[in-house]
Amino acid sequence: VRSYQLTSRHALMVKQGLAIDDTDSRLCVAGQDKRIRAWSLHTGELYGALLNGQSLTEPCKSLSIMNTHANKKIVWALQERSVHAIWLGV
């Protein structure tokens with residue numbers, strides 16, 4: 001996902017992570033504030049920030065939501081130098 005912020009003198013391109021689960025019911029987005037938030041795609045309700053609202057150490061480049069063998073969901077967050085596995089408890 002690319003978003004552009006244009007001013008009269010500068011243009012800024014920021015790549016952030018975005019993922020939708022396999023049931024098309026949850027959307028996870030990585031923000032410029034280094035937090036990952038989850039929403040319901042059916043109601044638009046914000047479930048809240050993952051990691052108990054803690055921010056990551058650097059911006060998230062990519063997100064992926066996967067099912068475990070126990071049918072639970074994990075959000076994988078890829079950063080420049082690390083990968084985080086976050087249980088999606090919503």
Side-chain angles (χ1 to χ4, degrees):
V1 173
R2 294 182 182 165
S3 61
Y4 299 89
Q5 179 181 352
L6 301 176
T7 64
S8 59
R9 295 185 183 164
H10 306 295
L12 173 66
M13 181 175 66
V14 178
K15 294 181 182 180
Q16 300 294 334
L18 177 135
I20 297 173
D21 74 352
D22 62 339
T23 62
D24 293 335
S25 62
R26 294 179 185 94
L27 168 70
C28 290
V29 178
Q32 289 180 327
D33 61 357
K34 302 176 188 169
R35 289 191 171 98
I36 301 171
R37 292 176 177 83
W39 281 270
S40 166
L41 287 175
H42 298 295
T43 66
E45 173 189 3
L46 173 64
Y47 290 127
L50 304 183
L51 298 169
N52 295 322
Q54 300 283 329
S55 61
L56 299 169
T57 56
E58 55 191 40
C60 182
K61 303 291 184 188
S62 179
L63 289 178
S64 179
I65 302 173
M66 302 180 83
N67 289 328
T68 67
H69 64 280
N71 205 26
K72 296 187 179 191
K73 297 191 185 300
I74 296 178
V75 177
W76 291 95
L78 174 66
Q79 294 179 289
E80 189 70 33
R81 293 179 282 262
S82 60
V83 176
H84 299 274
I86 306 158
W87 290 100
L88 186 59
V90 290

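Note that these values count all heavy atoms, side chains included, but never hydrogens, waters or copies made by symmetry. Just so it is clear, the model here is predicted, and its values are computed rather than measured.
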Heavy-atom closest contact (Val29 atom, Leu27 atom, distance): CG2-CG, 3.8 Å
query: When you check the gap from the basic side-chain N to the acidic O, do Arg26 and Asp22 get nearer than 4.0 Å?
result: no
query: Does a side-chain heavy-atom distance below 4.5 Å link Ile74 with Ile86?
result: no
query: Hey, what do you get for CD1 (Ile65) to OG (Ser25), rounding to the nearest 0.5 Å?
result: 8.5 Å
message: Just so I know, are the side chains of Met66 and Trp76 near enough to count as touching, which here means a heavy-atom distance under 4.5 Å?
response: yes
Shortest non-hydrogen contact between Ala38 and Leu46, atoms and distance: O-CD1, 3.3 Å
- request: Report yes if some heavy atom in the side chain of Leu56 is under 4.5 Å from a heavy atom in the side chain of Arg35; otherwise report no.
  value: no
statement: Separation between SG (Cys28) and CG (Asp21), nearest 0.5 Å, reads 7.5 Å
- prompt: Does a side chain donor of either Lys73 or Asn67 reach within less than 3.5 Å of an acceptor in the other side chain?
  reply: yes
field: Euclidean distance, Leu50 CG relative to Trp87 CH2, rounded to 0.5 Å
entry: 13.5 Å
- line: Of all heavy-atom pairs linking Leu63 and Ala19, the shortest is O-CB, 3.7 Å
statement: For Gln79 and Pro59 the tightest heavy-atom approach is CG-O, 3.7 Å
- request: Please assess Lys34 against Glu58 for the test salt bridge (charged side-chain N to carboxylate O under 4.0 Å, His left out), listing each intermediate value before the final yes or no.
  value: CA-CA 6 Å; Lys34 302 176 188 169; Glu58 55 191 40; over 6 Å; no
message: Quick check: closest heavy atoms across Ile20 and Leu41, and the distance to 0.1 Å?
response: CG2-CD1, 3.6 Å
field: Where Gly44 and Trp39 come nearest, the two heavy atoms and their spacing
entry: O-CD1, 3.5 Å
